[in-house]
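In this text, all values refer to a predicted model and were calculated from it rather than measured experimentally. Because only heavy atoms are used, hydrogens play no part in the values below, and waters and symmetry mates are left out as well, while side chains stay in.
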Amino acid sequence: MSDTTDPRKLPSADPHTGNRRVDPITGYDTTGHDWGGITELNTAFPKIVIWALALTFLYSLVAWILLPAWPLGRDYTRGILGLDQGEQAIEGLRELTDDRLPWLSRFSDGDLRALQSDAVLIRQAMPAAERLFEDNCSACHGATGRGGPGFPVLADGYWLWGDDPGGIAETIRFGINSDHADARIAEMPSFDWMARADRLALADYVARLPGAGPVHSSLPGAALFTENCAACHGDGGRGDLEAGAPSLTDDAVIYGQDRSTVMETLSRGRRGVMPAWIDRLSAAEINLLAIYVYRLGQPVGEGAQ
Amino acid sequence: MLRLHYNLEKVSMGLVVAIIVAASIGGIVEIAPLFTIDETVELPDDLRPHTPLELAGRHIYMREGCYACHSQMVRSLADELDRYGPYSLPSESAYDHPMLWGSKRTGPDLARVGGKYSDDWHARHLIDPRSVVPASIMPSYPWLRRPLDTELLRERLETLAKLGVPYDEAMIGASQADALAQSRPDGEGADAVRARYGEKVVIRDFDGDPSRLTELDALIAYLQSLGTLTDAPYTILKASSADIPDGDGHE
């Protein structure tokens, strides 16, 4: 054993690479390192990797010239193409909207009822409407408009504010109890001042209303209802379209019409908030959604696909 | 054959120096612009800092790790503009220490979520996401109903003021009172909050329980403020594209 570990000083060493003994089996050079008889092949770095590396360096050189690249204190090299990501994104958005414009612009104004019976237009527009609904509305009204406690079902044909697509668009535009100045207002006052016995009688009466006619007018709650509630909910709770107070005689509910939920409604009051969309969606998109929502409420076959 | 690398590998100190040089080019390109950031990023005139209640909510947002699933940065890509609204500007988060842009999106981006949903929806969604979005994989945070600890707010505002966020003496002094007042629309302090932080601050009983100030109040106040601290992004979108309907009409 010699007293040096430098491969270049080993006997028969190549002064540049150390001992380049050729491995008899593979035919490769060895590195000259020797660990108790185990030697290491000096296999070459794969050519393809070197080429790939060279190409990426080459690309970066091109990119420095064409694209924004190096910081220069208060500025940066802008590249001869003069590209700006923000402008590009806005340009891309314009192209997206231009593609939709031919059919979407027809929703910007006009009679929504007439548009809704244009089968070709509707077939073209409904996929976009569905996407808009999923992005903006489904979190509250459910993916298919089936609603949930506190958020009304839109797919049942019962409407708090009338069943006219124009009116529905108005609701979407400004919202209900939202921050917008033109929002629709629907406030159910709290009746916590009322004696508990009276509230229980009312809850009992209201819980029996769905599906029933004036059959229950003899119940103790009936008189209380006429006195305190009918102004908003209509005689016998039949509802009053365009006022936001729901009919209490149909099957549709927002919060629930069992006794305990009605008791909660009476003691706390209710003020459901539907946000205004005028700042987020265009006029055409809102009208499109109004038609989409209106069609959700139509019986299958009569307009709905 | 070029033997430069071959020989460099055999001089260990030379290799170390070469590695440091190569790595610092990448570092310098990213770090150098930060030295001139005060001059290159222009702050919009109407940019306001977070109110103390929103700031408390921001800390809950960080504590609960919401950023692990939600980014707060609309990227400059057409599809993102279409879905979320105008892309995020650096100036929007100038007062955020640390910023919460994030890059992981298990849930949607939240940079423009302020005003999109009602307080009631946020409360239900945070307490039990599946009660409103049946297919949601977001975790429930039922403990957010506990009382909000406002003890540290004063120090938090002071620290941020040192970092250049424009909290003045009055704001720092009233931080605890302002936090409570922002959840009491009919209370006495509401006007003071508006006077200090601007007319557009949302003052509501966020969690639907007027008797208590809870963590839910703070977190919802924070969520409702996202994307509303300045109108700058909306005006950029409008200025460069008057005919694009999306994002139109935002005041």
(request) Measure the spacing between CD1 of A/Ile90 and OH of B/Tyr87 and express it to the nearest 0.5 Å. (result) 4.5 Å
(request) Look up atom CG in A/Asp279 and atom OG1 in B/Thr228, then write down how far apart they are to the nearest 0.5 Å. (result) 12.0 Å
(request) With a 4.5 angstrom heavy-atom cut-off, could you sort out which part of B/Arg124 is near chain A: side chain, backbone, both or neither? (result) side chain
(message) Quick check on B/Ile31 against chain A: is it the side chain, the backbone, both or neither that has a heavy atom closer than 4.5 Å?
(response) neither
(request) Heavy-atom pairs under 4.5 Å with chain B are the metric here; pick the option from A/Gly92, A/Gly148, A/Cys140 that has the most. (result) A/Cys140
(message) Please check: side-chain N/O of A/Trp70 versus main-chain N/O of B/Val29, any donor-acceptor pairing under 3.5 Å?
(response) no
(message) I'd like to know which of A/Val273, A/Asp135, A/Leu96 tops the heavy-atom pair count under 4.5 Å against chain B.
(response) A/Asp135
(message) If I measure from the heavy atoms of chain B, does A/Phe151 come under 4.5 Å with its side chain, its backbone, both, or neither?
(response) side chain
(request) Flag the pair A/Tyr76 / B/Pro33 as yes when at least one side-chain heavy-atom distance between them is below 4.5 Å, and no otherwise. (result) no
(message) I need the B/Asp38 CG to A/Arg74 CZ distance, nearest 0.5 Å.
(response) 10.5 Å
(request) Side-chain contact test, heavy atoms from C-beta onward, threshold under 4.5 Å: evaluate it for A/Asp75 versus B/Thr40 and give yes or no. (result) no
(message) Could you measure the distance from the CG atom of B/Leu77 to the CD atom of A/Gln85? Nearest 0.5 Å is fine.
(response) 7.5 Å
(request) Without swapping roles, check the side chain of B/Thr36 against the backbone of A/Gly73 for a donor-acceptor pair under 3.5 Å. (result) yes
(message) Within this structure, what is the OG1-CG distance for the pair A/Thr97 and B/Leu81, rounded to the nearest 0.5 Å?
(response) 10.5 Å
(message) Just so I understand: if I count every heavy-atom pair under 4.5 Å between each of A/Ser108, A/Ser138, A/Ala284, A/Pro149 and chain B, which residue has the most?
(response) A/Pro149
(message) Any heavy-atom pair between the side chains of A/Arg280 and B/Tyr84 that's under 4.5 Å?
(response) no
(request) Go through the atoms of B/Val41 and report whether side chain, backbone, both or neither lie under 4.5 Å from a heavy atom of chain A. (result) neither
(request) Can you tell which part of A/Asp179 gets under 4.5 Å to a heavy atom of chain B, answering side chain, backbone, both or neither? (result) side chain
(message) With a 4.0 Å cut-off on N to O distance, would you call A/Arg131 and B/Asp82 a salt bridge?
(response) yes
